[in-house]
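See below for the structure under consideration.
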Amino acid sequence: HRISFPDGIMYNSGNGLVGEGYANEDVAQGVALAEGSTVGIRFQVDNKSVSFFLNRQPLGTAFLKQEVLENLEFVYPCLALFVPDTRVKLNFEADDPQAAQMVEVS
């Protein structure tokens with residue numbers, strides 16, 4: 001099974017990035033998403049990148065291709081499930097995944 005769409009970027013559990021919408025990236029490949037995992041995705045408008053997080057730890061960042069940016073009007077999240085009876089919770093108002101790392105301790 002494979003989901004693919006032009007101009008898209010997805011993280012596929014156990015494999016890595018899927019899609020044709022990114023020019024370069026430093027996203028960890030082969031990381032499996034397990035039961036109880038928290039996945040974060042952040043679209044950064046200023047530098048046109050998509051960052052991925054697992055349990056609030058960075059997996060890396062992918063930068064959108066210039067030709068994708070030229071036609072970009074909207075950004076939509078996409079979630080695909082493969083294992084039957086899998087459940088997910090979505091939160092579109094989550095805190096910055098790295099916020100806990102930015103707190104200074106004195």
Side-chain angles (χ1 to χ4, degrees):
H1 295 77
R2 181 176 174 195
I3 295 174
S4 182
F5 44 96
D7 304 339
I9 303 172
M10 289 193 330
Y11 193 87
N12 185 342
S13 177
N15 292 315
L17 288 183
V18 176
E20 301 171 13
Y22 60 94
N24 57 15
E25 50 84 16
D26 63 0
V27 179
Q29 305 297 307
V31 177
L33 309 177
E35 184 175 341
S37 295
T38 300
V39 177
I41 303 169
R42 177 175 54 204
F43 176 62
Q44 295 172 220
V45 177
D46 60 337
N47 67 0
K48 310 301 189 269
S49 67
V50 180
S51 298
F52 297 87
F53 301 85
L54 179 60
N55 298 322
R56 301 183 83 75
Q57 299 301 310
L59 289 176
T61 301
F63 295 88
L64 297 176
K65 288 182 178 178
Q66 185 60 40
E67 56 267 27
V68 170
L69 295 172
E70 291 170 1
N71 297 313
L72 185 66
E73 293 183 37
F74 302 99
V75 177
Y76 295 102
C78 176
L79 178 67
L81 304 175
F82 178 73
V83 178
D85 299 322
T86 299
R87 294 178 184 208
V88 297
K89 293 181 186 178
L90 301 176
N91 180 353
F92 292 103
E93 297 180 4
D95 294 333
D96 184 335
Q98 293 183 307
Q101 297 174 4
M102 293 186 233
V103 175
E104 286 188 37
V105 177
S106 54

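- Interatomic distance, CG of Leu33 versus OH of Tyr11, reported as 6.5 Å (0.5 Å rounding).
- With hydrophobic clusters built from ILVMFWY side chains whose heavy atoms lie under 4.5 angstrom apart, Val27 does not share a cluster with Val68.
- Applying the side chain to side chain contact (heavy atoms under 4.5 Å, CB included) criterion to Asn71, with sequence neighbours excluded, gives no partner residue.
- A distance-only check finds no donor-acceptor pair linking the side chain of Lys65 to the backbone of Asp7 [under 3.5 Å].
- Under the rule for a side chain to side chain contact (heavy atoms under 4.5 Å, CB included), the partners of Leu72 that lie at least two apart in sequence or sit in another chain are Phe43, Leu64, Leu69, Val75.
- In this structure Ala28 satisfies the side chain to side chain contact (heavy atoms under 4.5 Å, CB included) test together with Val31, Leu59, sequence neighbours excluded.
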Distance-only check: which donor-acceptor pairs under 3.5 Å involve side-chain atoms of residues 48-55, not counting sequence neighbours?
{"unit_1": "Lys48", "atom_1": "NZ", "unit_2": "Val45", "atom_2": "O", "d": "2.8"}
{"unit_1": "Ser49", "atom_1": "OG", "unit_2": "Asn47", "atom_2": "OD1", "d": "2.6"}
{"unit_1": "Ser51", "atom_1": "OG", "unit_2": "Gln44", "atom_2": "OE1", "d": "3.0"}
{"unit_1": "Ser51", "atom_1": "OG", "unit_2": "Thr61", "atom_2": "OG1", "d": "2.9"}
{"unit_1": "Asn55", "atom_1": "OD1", "unit_2": "Thr38", "atom_2": "N", "d": "2.8"}

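- Closest approach of Ile9 to Ala62, counting heavy atoms only: CD1-CB, 4.3 Å.
- At most 12 non-hydrogen atoms from other residues, nucleotides or ligands lie less than 6.0 angstrom from CG of Asp85.
- Qualifying side chain to side chain contact (heavy atoms under 4.5 Å, CB included) partners for Glu35, counting only residues two or more places apart in sequence or in other chains: none.
- Nearest heavy-atom pair, Asn15 versus Gln29, reported as atom, atom and distance to 0.1 Å: O-OE1, 3.3 Å.
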